[in-house]
Amino acid sequence: MRRIFLLAALAIMAISASAQKKTTKVTIFGDSYSTFEGCITPSSNESWYFSENSPYRDKNNDVCKVEQTWWHQVIDRMGWELEVNNSYSGSTVGYHGYSHESYQARSFNTRVAYLGEPDVILSCCNTNDSWSGEKVGEYKYANWTESDMWYFRPAMARLCSTIKQNYPMAKVYFILNSELRDDISESMRVICRHYGIPLIELHDIDKQDGHPSQKGMKDFADQVVDFVKKDMK
């Protein structure tokens, strides 16, 4: 009888240890900064970063391997597993795109339903809203209309609300790019604070053609890892 109890206890301990070793699944939800050819879902999303020999690669930027990207470095250093990388070059939070085009199809608010089943979500999402000249509008935290989605503040608030509703068990982090418009940066701080979502503010990121270089990617990863490790203590 004692032998049976011992075996049962060992089995319970083994199951418990296995559960504790469950790998954290992370979803990357981004724009061009988080793309790399062949590594984004769905594959129809446009990429900005390409491999060294690709004819589409921007030769003015030295990132040419997926291992050099900020998100790959973060996943590797944290011991995480990639769930989905739903990143889309040029994507905006609101619907306002470059040259006043509608970016609804690539908007973060459109793509937020397709992030898998992550334990962690890392989202760098605000750069093109700043660069495209999108107006910030007014802060609005409920009853959004489609016309509201042409302004950054209501669009960002709806994104925060939806991501928390759709992924209640996931730890969400938004990432604020450096060198953006002041009104976009301050809006991110206010809205993330309203929803209780941590905001990682990047600084001193080296860029080539407006996108992180190899050095910039490493600094990007360093800042994300440092923030997340402190937040998870």
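Just so you know, these numbers come straight off a predicted model, no measurement behind them.
- At least one side-chain heavy atom of Val63 sits less than 4.5 Å from a side-chain heavy atom of Met217.
- Ser47 places a side-chain N or O within donor-acceptor distance of the main-chain N or O of Glu37, the cut-off being under 3.5 Å.
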From CA spacing to verdict: salt bridge (charged side-chain N to carboxylate O under 4.0 Å, His left out), Arg158, Asp148: CA-CA 10 Å; Arg158 193 177 87 169; Asp148 288 328; over 6 Å; no
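- The local environment of CD in Glu101 is crowded, with over 12 non-hydrogen atoms from other residues, nucleotides or ligands closer than 6.0 Å.
- Residues Tyr141 and Ala157 share a closest heavy-atom pair of CD2-CB, 3.9 Å.
- Listed for the Asn126 side chain is no donor-acceptor partner under 3.5 Å among the backbone atoms of Thr92.
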Stepwise side chain to side chain contact (heavy atoms under 4.5 Å, CB included) test for His194 and Cys160: CA-CA 9 Å; His194 177 86; Cys160 287; over 6 Å; no
Side chain to side chain contact (heavy atoms under 4.5 Å, CB included) assessment of Tyr49 paired with Cys64: CA-CA 7 Å; Tyr49 287 101; Cys64 57; over 6 Å; no
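- For Arg57 (side chain) and Asn61 (main-chain N/O), a donor-acceptor pair under 3.5 Å exists by modelled atom type.
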Side chain to side chain contact (heavy atoms under 4.5 Å, CB included) assessment of Thr127 paired with Asp31: CA-CA 8 Å; Thr127 300; Asp31 51 30; 3.7 Å; yes
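- Val120 and Val172 fall within a single hydrophobic cluster, where Ile, Leu, Val, Met, Phe, Trp and Tyr are joined by side-chain heavy atoms under 4.5 Å apart, directly or via other members.
- Hydrophobic clustering of Ile, Leu, Val, Met, Phe, Trp and Tyr side chains at less than 4.5 Å, counting indirect connections, unites Val26 with Ile200.
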Check against side chain to side chain contact (heavy atoms under 4.5 Å, CB included), Lys140 and Tyr151: CA-CA 10 Å; Lys140 187 175 181 181; Tyr151 299 90; over 6 Å; no
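- Nearest heavy-atom pair, Gly94 versus Ala155, reported as atom, atom and distance to 0.1 Å: CA-CB, 3.6 Å.
- Using cut-offs of 30° and 60° on the angle between ring planes, the pair His96 and His100 is perpendicular.
- Here the closest non-hydrogen pair linking Gln73 and Ala221 is CB-CB, 3.7 Å.
- Looking at Met78 and Thr24, their side chains never come closer than 4.5 Å, going by heavy atoms from C-beta outward.
- Under a 3.5 Å cut-off, the side chain of Asn109 and the backbone N or O of Val93 do form a donor-acceptor pair.
- Note on Ile40 and Leu82: separate hydrophobic clusters, where clusters join Ile, Leu, Val, Met, Phe, Trp and Tyr whose side-chain heavy atoms are under 4.5 Å apart, directly or indirectly.
- In this structure, the side chain of Gln214 does not engage the main chain of Gln68 through any donor-acceptor pair within 3.5 Å.
- Remark: Tyr88 engages no residue in a ring-ring contact (aromatic ring centres under 6.0 Å, His included) (not counting sequence neighbours).
- Using a 4.0 Å cut-off between charged nitrogen and carboxylate oxygen, Asp222 and Arg77 count as a salt-bridge pair.
- The two residues Val66 and Cys39 make their nearest non-hydrogen contact at CG2-SG, 3.7 Å.
- Atom CD1 of Ile75 and atom CG of Leu122 lie 8.0 Å apart (nearest 0.5 Å).
- Of the possible polar contacts, one joining the Ser130 side chain to the Arg181 backbone as a donor-acceptor pair under 3.5 Å is found.
- The side-chain heavy atoms of Arg189 and Glu201, taken from C-beta on, include a pair separated by under 4.5 Å.
- Shown here are the side chain to side chain donor-acceptor pair (under 3.5 Å) partners of Tyr173, two or more places apart in sequence or in another chain: Asp231.
- Residues Asp219 and Lys215 are paired through a salt bridge, judged by an N-O separation under 4.0 Å between the basic side chain and the carboxylate.
- The CG atom of Leu176 sits 8.0 Å away from the SG atom of Cys124 when rounded to the nearest 0.5 Å.
- Shortest non-hydrogen contact noted between Ile205 and Gly216 is CG2-O, 3.8 Å.
- Side-chain contact between Phe36 and Ser87: absent, with no pair of heavy atoms (C-beta onward) separated by less than 4.5 Å.
- Panel note: side chain Ser178, backbone His203; no donor-acceptor pair is recorded below 3.5 Å.
- At least one side-chain heavy atom of Tyr195 sits under 4.5 Å from a side-chain heavy atom of Lys164.
- Scanning all heavy atoms of the two residues, the minimum distance from Ala113 to Asn166 falls at CA-ND2, 4.2 Å.
- Salt-bridge formation is detected for the pair Asp119/Lys22: a Lys NZ or Arg NE/NH1/NH2 atom is positioned less than 4.0 Å from an Asp or Glu carboxylate oxygen.
- Distance check, rounded to the nearest 0.5 Å: CD1 of Ile191 to OG of Ser161 gives 12.0 Å.
- By the 6.0 Å contact criterion, CD on Glu186 is enclosed, its count of non-hydrogen atoms from other residues, nucleotides or ligands being greater than 12.
- Salt-bridge annotation for Glu67 and Lys218: absent, with no side-chain N of the basic residue lying under 4.0 Å from a carboxylate O of the acidic one.
- Side chain to side chain, Glu146 and Tyr95 meet the donor-acceptor criterion of an N or O pair below 3.5 Å.
- At least one donor-acceptor pair under 3.5 Å links the side chain of Arg153 to the backbone N or O of Gly137.
- Heavy-atom neighbours of Met232 CE from other residues, nucleotides or ligands within 6.0 Å: above the threshold of 12.
- Counting only residues at least two apart or in different chains, ring pair (Phe, Tyr, Trp, His ring centres under 6.0 Å) contacts with residues 207-233 comprise Tyr33-His211, Trp48-His211, Trp70-Phe220.
- Residue-environment remark: NZ (Lys59) exceeds the threshold of 12 foreign heavy atoms within 6.0 Å.
- Residues Met188 and Phe152 meet the side-chain proximity criterion, which asks for heavy atoms closer than 4.5 Å.
- Listed for the Trp80 side chain is no donor-acceptor partner under 3.5 Å among the backbone atoms of Asp76.
- Ile184 places a side-chain heavy atom less than 4.5 Å from the side chain of Val136.
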From CA spacing to verdict: side chain to side chain donor-acceptor pair (under 3.5 Å), Ser213, Asp62: CA-CA 6 Å; Ser213 61; Asp62 61 4; 4.6 Å; no
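- Taking Ile, Leu, Val, Met, Phe, Trp and Tyr as hydrophobic and joining them when side-chain heavy atoms fall under 4.5 Å apart, one finds Tyr56 in a cluster with Phe50.
- Contacts classified as ring pair (Phe, Tyr, Trp, His ring centres under 6.0 Å) and involving residues 103-128 (residues at least two apart or in different chains) are given here: Phe29-Phe108.
- Shown here are the side chain to side chain contact (heavy atoms under 4.5 Å, CB included) partners of Pro42, two or more places apart in sequence or in another chain: Ser44, Asn45, Asn86.
- A heavy-atom distance below 4.5 Å is not found between the side chains of Asn85 and Thr27.
- In the hydrophobic cluster analysis, where Ile, Leu, Val, Met, Phe, Trp and Tyr join through side-chain heavy atoms closer than 4.5 angstrom, Trp71 is grouped together with Leu202.
- Val74 and Ile121 fall within a single hydrophobic cluster, where Ile, Leu, Val, Met, Phe, Trp and Tyr are joined by side-chain heavy atoms under 4.5 Å apart, directly or via other members.
- Surrounding CG of Asp209 are more than 12 heavy atoms belonging to other residues, nucleotides or ligands, all under 6.0 Å away.
- Looking only at distances, a side-chain donor or acceptor of Thr110 sits under 3.5 Å from a matching main-chain atom of Gln104.
- Using a cutoff of 4.0 Å between basic side-chain nitrogens and carboxylate oxygens, Glu46 and Arg106 are scored as salt-bridged.
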